[in-house]
Undergrad: 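Below you'll find the structure I mean.
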Amino acid sequence: MKKQLNNMVHYSIALLATIITFSSCQKDFSGALTDPNNNSSANTNSSGAIAVSLNGSSTSGGSSTDSVYVVHQCDKGHKRDSLAFSSLPALVQSYLNNTYAGFTPLKAFVVKDTLGNVKAYIAIIRFNNKPVALEFKADGTFKKVLEQREKKDLNGNGWHLGGLFEDRNGKCKDTVALNDLPQSIRAYMTSNYPGDTLLKAFKTKDGAYLIVSKNNGSFATIFNKNGGFEKRVVLPAKDGELVNIAQSALPAEILNFLSATFPNYVFNKADVAKSNGTVLGYLVLINANNTRYAIAFDATGKFLVKKVIH
């Protein structure tokens with residue numbers, strides 16, 4: 001009897017250890033499917049994914065087709081636990097209010113090591129009717145925008161044709177020829193901003209139109225899916241003449257910053273600001289999980305500021 005009791009105790013301890021180990025950064029994951037069309041070696045281990053509903057709520061591992069998965073990997077031995085959104089550090093709250101004004105909080109997490117030391121915070125919000133997930137350092141400063149994927153794309157490059165993030169294939173399917181813009185939008189721009197030179201246009205997943213133009217500065221003008229004007233955003237470009245450049249022409253420091261801060265981002269447009277042939281800075285427009293950002297850099301490629309467009 002004593003031997004059986006000892007065996008039961010050992011089994012219970014082993015089972016408890018297994019449960020604790022599995023909960024480490026995996027508690028919000030409900031499974032993974034491999035994309036059969038994607039054999040890339042740059043796979044993402046899906047064990048740290050957090051399910052987020054597209055209709056506004058954050059779920060704990062739901063597998064419905066209206067969810068996306070936030071890709072977050074904990075370091076070995078670290079554990080991610082739920083946190084009341086109001087318990088996020090003041091610095092995190094301030095960043096969210098300033099960068100994503102009017103956002104709706106969805107979910108928050110704290111990441112700790114085995115000694116209970118805070119290593120990171122995660123905030124998941126809803127902004128412009130889209131989920132946005134961000135990681136912050138232990139001191140509350142911004143670290144990066146976390147990548148989102150559909151469930152079938154958790155392994156692989158993170159996209160499939162016809163999916164929410166299909167423009168990650170590098171072909172920029174959301175680009176719209178200026179001549180193909182609805183007549184009402186072109187008429188609005190001509191009437192209200194006659195001095196603008198239209199540079200590029202995009203159609204978002206929710207059907208909205210985004211037009212990039214310049215006129216003693218750089219602007220993004222947003223129209224809803226019905227062609228109605230929504231807002232005009234001043235882009236954080238340096239003074240000087242804006243000249244369009246290819247992504248490959250950007251300094252390595254900029255490219256490295258974008259990859260580290262916006263994993264699996266989609267490049268939209270880049271400009272270099274010049275005055276009398278001297279480079280003053282760079283302006284880059286990207287799409288990160290269907291949220292558009294304009295990011296400004298100085299002449300050396302050092303990050304200056306980013307601005308949410310839509």
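Every value quoted in this text rests on a predicted model; they were computed, and no experiment measured them.
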Undergrad: Would you check if Arg149 and Val71 make a side-chain contact, meaning some heavy-atom pair closer than 4.5 Å?
TA: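 When only atoms from C-beta onward are counted, Val71 and Arg149 do touch, with a gap below 4.5 Å.
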Undergrad: Going by distance alone, is a donor N or O of one side chain under 3.5 Å from an acceptor N or O of the other, for Arg168 and Asn157?
TA: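 There is no such pair between these side chains.
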Undergrad: To the nearest 0.5 Å, tell me how far Leu164 CG sits from Lys130 NZ.
TA: 11.5 Å
Undergrad: Looking at side-chain heavy atoms only, is the closest gap between Ser82 and Lys107 below 4.5 Å?
TA: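 Sidechains of Lys107 and Ser82: in contact.
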Undergrad: The criterion is ring pair (Phe, Tyr, Trp, His ring centres under 6.0 Å); which residues satisfy it with Tyr188, sequence neighbours excluded?
TA: Phe223, Phe229
Undergrad: Is there a donor-acceptor contact under 3.5 Å from the side chain of Lys200 to the main chain of Asn268?
TA: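 Pair found, side chain donor or acceptor close to backbone of Asn268.
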Undergrad: Any non-hydrogen side-chain atom of Lys119 less than 4.5 Å from a side-chain atom of Asp75?
TA: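 Counting from C-beta outward, Lys119 and Asp75 never come under 4.5 Å.
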Undergrad: Are Phe219 and Met189 connected into the same hydrophobic cluster when the rule is that any two of I, L, V, M, F, W, Y join if their side-chain heavy atoms are below 4.5 Å apart?
TA: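 Shared cluster, no.
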Undergrad: Can you find a pair of side-chain heavy atoms, one from Phe142 and one from Thr261, that are under 4.5 Å apart?
TA: yes
Undergrad: Are Phe103 and Leu91 connected in a single hydrophobic cluster, I mean Ile/Leu/Val/Met/Phe/Trp/Tyr linked by side-chain heavy atoms less than 4.5 Å apart?
TA: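 Different clusters: Leu91 never reaches Phe103 through Ile, Leu, Val, Met, Phe, Trp or Tyr contacts under 4.5 Å.
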Undergrad: Would you please indicate if the ring centroids of Tyr121 and Phe109 are separated by under 6.0 Å?
TA: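 No, the ring of Tyr121 stays outside the 6.0 Å limit from the ring of Phe109, centre to centre.
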Undergrad: In the structure I gave you, are the side-chain heavy atoms of Leu280 and Lys274 within less than 4.5 Å of one another anywhere?
TA: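 Leu280 does not reach Lys274 side chain to side chain.
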Undergrad: Would you indicate whether Lys203, at its atom NZ, is surrounded by more than 12 heavy atoms from other residues, nucleotides or ligands within a distance under 6.0 Å?
TA: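 It does not: Lys203 NZ has 12 such atoms or fewer within range.
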Undergrad: Might you work through the side chain to side chain contact (heavy atoms under 4.5 Å, CB included) test for Val132 and Ile124, ending with a clear yes or no?
TA: CA-CA 6 Å; Val132 179; Ile124 302 177; over 6 Å; no
Undergrad: Given 3.5 Å as the limit, does a donor-acceptor pair link the side chain of Lys231 with the main chain of Ile309, or not?
TA: yes
Undergrad: Hey, quick one: are Ile50 and Val68 part of the same hydrophobic cluster, counting side-chain heavy atoms closer than 4.5 Å, chains of contacts allowed?
TA: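 Same cluster.
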Undergrad: Are Arg232 and Asp196 within salt-bridge range, i.e. N to O under 4.0 Å?
TA: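 Looking at Asp196 together with Arg232, the answer is yes, because their closest N to O distance falls below 4.0 Å.
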Undergrad: If you measure from OH on Tyr193 to CD1 on Ile211, what distance do you get to the nearest 0.5 Å?
TA: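 Here the rounded value is 10.5 Å.
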Undergrad: If only side-chain N and O atoms count, and only distance matters, is there a donor-acceptor pair under 3.5 Å linking Asp206 with Asn129?
TA: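 Note: Asn129 and Asp206 side chains miss the donor-acceptor criterion.
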Undergrad: Report yes or no: do Val308 and Phe136 belong to one cluster of Ile/Leu/Val/Met/Phe/Trp/Tyr joined by side chain heavy-atom distances under 4.5 Å?
TA: yes
Undergrad: According to ring pair (Phe, Tyr, Trp, His ring centres under 6.0 Å), who are the partners of Phe127, at least two apart in sequence or on a separate chain?
TA: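 With neighbours one apart ignored, the set is Tyr100.
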Undergrad: Any side-chain donor paired with an acceptor under 3.5 Å for Thr291 and Asn289?
TA: no
Undergrad: Please find the pair of heavy atoms, one from Gly140 and one from Val92, that lie closest to each other, and give the distance.
TA: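 Here Gly140 and Val92 meet closest at O-CG2, 3.5 Å.
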Undergrad: Check this for me: does any side-chain nitrogen of one of Asp153 and Lys151 sit under 4.0 Å from a carboxylate oxygen of the other?
TA: no
Undergrad: Measure the shortest side-chain to side-chain distance between Val111 and Val118 over non-hydrogen atoms and say whether it is less than 4.5 angstrom.
TA: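 The answer is no; the side chains never approach within 4.5 Å.
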Undergrad: Decide if atom CG of Asn179 counts as having more than 12 heavy atoms of other residues, nucleotides or ligands within a radius under 6.0 Å.
TA: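 At most 12 heavy atoms, drawn from other residues, nucleotides or ligands, come within 6.0 Å of this atom.
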Undergrad: Hey, what's the ring geometry for Phe257 with Phe303, parallel, tilted or perpendicular (30° and 60° as the breaks)?
TA: parallel
Undergrad: I'd like to know if the side chain of Ser259 and the backbone of Leu255 have a donor-acceptor N/O pair within less than 3.5 Å.
TA: yes
Undergrad: May I ask you to decide if Leu134's main-chain N or O and Lys143's side chain share a donor-acceptor pair within less than 3.5 Å?
TA: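 Not a single qualifying donor-acceptor pair exists.
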Undergrad: Give a yes or no on whether Asp139 atom CG has more than 12 heavy-atom contacts from other residues, nucleotides or ligands under 6.0 Å away.
TA: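 Enclosed.
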Undergrad: What is the minimum heavy-atom distance between Pro263 and Lys144, and which atoms define it?
TA: CG-CD, 4.3 Å
Undergrad: Same cluster or not: Ile254 versus Val243, using hydrophobic residues (I, L, V, M, F, W, Y) connected whenever any side-chain heavy atoms lie under 4.5 Å apart?
TA: yes
Undergrad: Would the distance check show the side chain of Asp180 and the main-chain N or O of Val176 forming a donor-acceptor pair, the cut-off being under 3.5 Å?
TA: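 No: the side chain of Asp180 does not pair with the backbone of Val176.
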Undergrad: Provide the closest heavy-atom pair for Ala299 versus Tyr282 in the form atom of the first, atom of the second, distance.
TA: O-CE1, 3.6 Å
Undergrad: CG of Asn276: more than 12 outside heavy atoms within 6.0 angstrom?
TA: no
Undergrad: If you apply the rule ring pair (Phe, Tyr, Trp, His ring centres under 6.0 Å), what do you find for Phe202 with Tyr209, and how did you get there?
TA: CA-CA 6 Å; Phe202 305 91; Tyr209 291 89; over 10 Å; no
Undergrad: CD1/Ile222 to CG/Leu210 distance, rounded to the nearest 0.5 angstrom?
TA: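 Reported value, rounded in 0.5 Å steps: 3.5 Å.
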Undergrad: Look up atom CD1 in Ile295 and atom NZ in Lys306, then write down how far apart they are to the nearest 0.5 Å.
TA: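 Going from the CD1 atom of Ile295 to the NZ atom of Lys306 covers 8.0 Å.
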Undergrad: Charged N to carboxylate O under 4.0 angstrom, Lys205 versus Glu166?
TA: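 The answer is yes: the pair qualifies as a salt bridge.
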Undergrad: Checking the side chain of Lys302 only, and the main-chain atoms of Thr300 only, is there a donor and an acceptor separated by less than 3.5 Å?
TA: no
Undergrad: Check step by step if side chain to side chain contact (heavy atoms under 4.5 Å, CB included) holds for Val284 and Phe267.
TA: CA-CA 8 Å; Val284 183; Phe267 173 81; 4.2 Å; yes
Undergrad: How far apart are the closest heavy atoms of Gly77 and Thr114, and which atoms are they?
TA: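 Answer, listing the atom of Gly77 first, then Thr114: O-CG2, 3.3 Å.
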Undergrad: Please find the pair of heavy atoms, one from Arg80 and one from Cys74, that lie closest to each other, and give the distance.
TA: CB-SG, 4.1 Å
Undergrad: Is there side-chain contact between Leu283 and Pro236, with at least one heavy-atom pair below 4.5 Å?
TA: yes
Undergrad: To the nearest 0.5 Å, what is the distance between CG on Leu285 and CG on Leu235?
TA: 5.5 Å
Undergrad: May I ask you to test the Val110-Lys112 pair for a side-chain heavy-atom distance under 4.5 Å?
TA: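 Heavy-atom side-chain distance check passes, below 4.5 Å.
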Undergrad: Could you go through the side chain to side chain contact (heavy atoms under 4.5 Å, CB included) check for Asn290 and Thr204 one step at a time?
TA: CA-CA 7 Å; Asn290 291 320; Thr204 67; over 6 Å; no
Undergrad: If you take all heavy atoms of Ala120 and Glu135, which pair is closest and at what distance?
TA: CB-OE2, 3.7 Å
Undergrad: Taking Arg292 for the side chain and His310 for the main chain, is one N or O donor matched with an acceptor at less than 3.5 Å?
TA: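 Checking the backbone N and O of His310 against the side chain of Arg292, no donor-acceptor pair under 3.5 Å is found.
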Undergrad: I need the Leu88 CG to Gln93 CD distance, nearest 0.5 Å.
TA: 5.0 Å
Undergrad: Just wondering, more than 12 heavy atoms not from Lys76 lying within 6.0 Å of its NZ?
TA: no
Undergrad: Can any side-chain N or O of Lys214 pair as donor or acceptor with the backbone N or O of Leu242 at less than 3.5 Å?
TA: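 Side chain of Lys214 to backbone of Leu242, a donor-acceptor pair under 3.5 Å: yes, one is there.
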Undergrad: Applying side chain to side chain contact (heavy atoms under 4.5 Å, CB included) to Trp159 and Asn169, what does each step give before you reach the verdict?
TA: CA-CA 7 Å; Trp159 62 272; Asn169 64 4; 3.3 Å; yes
Undergrad: Within the distance-only criterion (no hydrogens, no angle test), does the side chain of Thr190 pair as donor or acceptor with the backbone N or O of Arg186 below 3.5 angstrom?
TA: yes
Undergrad: Can a donor-acceptor pair be found, under 3.5 Å and without considering hydrogens, that links the side chain of Ser87 to the backbone of Leu83?
TA: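 No; judged by distance alone, with no hydrogens or angles, the pair does not exist.
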